[in-house]
**Q** 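Quick one: the structure is below, questions incoming.
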Amino acid sequence: MKFDLIIAALLGIFLFHGFCSSEKAPNYSFMRQATTAPEISHYDYIIIGGGTAGCPLAATLSQNYHVLLLERGGSPYGNPNITYLSAFGSALSDLSPKSPSQRFISEDGVINARARVLGGGSCLNAGFYSRAGPKYVSSVGWDGKLVNESYVWVENKVAFQPPVRQWQSAVRDGLVESGVVPYNGFTFDHINGTKIGGTIFDAAGRRHTAADLLEYANPSGITLLLHATVHKIMFKTRGLSRPKAHGVIFRDALGKKHKAYLRRGEMNEVIVSSGALGSPQMLMLSGVGPSEHLKAHNITVVLDQPNVGQKMMDNPMNAIFVPSPVPVEVSLIQVVGITRFGSYIEAASGENFSGYRSSRSDYGMFSPKIGQLSTVPPKQRTPEALEKAKNSMNALDAAAFRGGFILEKIMGPISTGHLELRTRNPNDNPSVTFNYFKEPEDLQRCVNGLKVIENIIESKSFSQFRYDSISLPALLNLTASAPVNLLPKHDNISVSLEQFCKDTVMTIWHYHGGCQVGNVVDQDYKVIGVDNLRVIDGSTFNYSPGTNPQATVMMLGRYMGVRIVNERLAKEESN
């Protein structure tokens, strides 16, 4: 018994601190192209998606078991568009087939993006790092102690304190002056008031992504395949009371088919970590979803699960662009105002971000290629229309882009939509509708947030960064009439903040849902109605955690990895 306790203690040390043989990014010996994979292979765990949740999950499980991590994209390392803060937006603007970003347009007409790269959305986003609040953790039933330990595990690799300079300081002070109090200083924690949050960009402006968490992996316990597109999960059904996942079929970059099977063992599992679009899409492609919809695509129904793809949510974001009479620093999200009425106020600035670049090849948040600040009617979703918008930008003076955005994002949201397959090709985007502002409470939160932004702009603290000659209504109309907004314009939009919210709605890439806890997966993230299959990522969220979800998605990968290992070790010990 004493020997068993010693072994358990050693396993715990390895689990929480990692083996000494771990490797440093980007020199992972276990990372290779899927073209090198054998036709048939066997593992304890197969994880579909090397994204924000998949990387920490795989790293944790690899300490004790043999893990296959399948990523449909490539490596983020060596790509300056991913690595450098100053290049933010470039990866999102890249529409090539090899881009780390894959554009999609929701049926609402909002241009959006999904990740197609190891590290997932942490390779594309604005880098803000902030934890979920204690109430969120309690409401979803997580173990608070393990949650905190998992956050620290993530933060030791990828989270930093940002350098806060003049423009961000003015926004911070303007928030406090506007009543978003108290000022809580720098913290990763979710606390009402104004704070400086963390960032995944270090002091040199280099991005650290979820892929860096693979430094915790046991190199001999993990195989990571890049450009490995999973086409379906395989199930056993014959002689079983419930379908049982037992492997996956994936194709490499050359289109060659490979099969990876679970090894014998009742606790071995396939885990889907493909994100809020990819995970419900993968379940449907594998025969788990609404039966009539699957039959319409000639997909054999494994389990009629009508909740797959339902309750899709995207937190709407609205912003006001404020031209500055003086130069401003390049900054992404650093300051956040956490209001008591359900709106989060954030800001970003600088020529590279707010739009102007000397090459005029891109326009940051105003970029027609990114599509931010655009809701595009279906008939106008053409490259020609976006090129026309870009040409309109070229005609503007550089000073028009000097300044920054102050934005608000609503919590929740309450409004929900749904996701459906377009084709059986996993590389194709599914059809998704978010129904922005369908619920009146969401719209009211937007209006209340915009009122705070107006107060910041008019505050004494922010006065040096705005033109006295440009009124608030003029700023609203300026933002709403940006050339990349291809919607029919409403005259004098500043009269109605409700109309401004609807006309200028954009995404902040925090969409979630489609495989929610309680509807598609249980509290242990096991898919309801089938065996040996889990979903662990943002698709399981019923509500977006904190101000920005990436910290919690990375934490969740680690958290569930630890839980799975501990539960398995306990069961093996009892046997």
**Q** The test is side chain to side chain contact (heavy atoms under 4.5 Å, CB included); show your working for V164 and F186 and say whether it passes.
**A** CA-CA 10 Å; V164 180; F186 166 71; over 6 Å; no
**Q** Just do the side chain to side chain donor-acceptor pair (under 3.5 Å) check on N148 and Y559 with the steps written out, would you?
**A** CA-CA 9 Å; N148 288 334; Y559 175 91; over 6 Å; no
**Q** Between the side chains of N429 and Q102, does any donor sit under 3.5 Å from an acceptor?
**A**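 Present: a donor and an acceptor within the cut-off.
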**Q** Can you check whether M554 reaches Y151 side chain to side chain, under 4.5 Å on heavy atoms?
**A**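 Contact flag for M554/Y151 side chains = no.
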**Q** Throw together a table of side-chain donor-acceptor distances under 3.5 angstrom for residues 409-420, partners on residues two or more places apart or in other chains.
**A**
unit_1: K409; atom_1: NZ; unit_2: H510; atom_2: ND1; d: 2.9
unit_1: K409; atom_1: NZ; unit_2: T547; atom_2: O; d: 2.5
unit_1: S415; atom_1: OG; unit_2: K438; atom_2: N; d: 3.1
unit_1: S415; atom_1: OG; unit_2: E439; atom_2: N; d: 2.8
unit_1: S415; atom_1: OG; unit_2: D442; atom_2: OD2; d: 2.6

**Q** Could you pull out every donor-acceptor pair under 3.5 Å between side chains of residues 132-141 and any protein atom, sequence neighbours left out?
**A**
unit_1: Y136; atom_1: OH; unit_2: Y543; atom_2: O; d: 2.8
unit_1: S139; atom_1: OG; unit_2: K135; atom_2: O; d: 3.3
unit_1: S139; atom_1: OG; unit_2: Y136; atom_2: O; d: 2.8

**Q** Determine yes or no for a side-chain-to-main-chain donor-acceptor pair under 3.5 angstrom, with R402 supplying the side chain and S324 the backbone.
**A** yes
**Q** Verify the neighbour count for atom CZ of R563: are there more than 12 heavy atoms of other residues, nucleotides or ligands below 6.0 Å?
**A** yes
**Q** Once the angle between the rings of F405 and F321 is folded into 0 to 90°, is it parallel (under 30°), tilted (30 to 60°) or perpendicular (over 60°)?
**A** tilted
**Q** Measure the acute angle between the ring planes of F434 and Y436, then classify it against the limits of 30° and 60° as parallel, tilted or perpendicular.
**A**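 If you compare the ring of F434 with that of Y436, the planes turn out tilted.
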**Q** Is the shortest side-chain heavy-atom distance between I320 and I457 below 4.5 Å?
**A**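 The answer is yes, as the side chains (C-beta and beyond) meet within the 4.5 Å cut-off.
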**Q** Taking the six-membered ring for Trp, are the ring centroids of F201 and F88 within less than 6.0 Å of each other?
**A** no
**Q** Evaluate salt bridge (charged side-chain N to carboxylate O under 4.0 Å, His left out) for R558 paired with E155, printing each intermediate quantity in order.
**A** CA-CA 12 Å; R558 168 61 176 177; E155 289 154 10; over 6 Å; no
**Q** When the aromatic ring centroids of H190 and Y344 are compared, is their separation below 6.0 Å?
**A**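 Distance test on ring centres: under 6.0 Å, yes.
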**Q** Return a table of donor-acceptor pairs under 3.5 angstrom between the side chains of residues 445-453 and protein atoms on other chains or two or more places apart.
**A**
unit_1: R445; atom_1: NH2; unit_2: E441; atom_2: OE2; d: 3.1
unit_1: N448; atom_1: OD1; unit_2: Q444; atom_2: NE2; d: 3.0
unit_1: N448; atom_1: ND2; unit_2: Q444; atom_2: O; d: 3.4

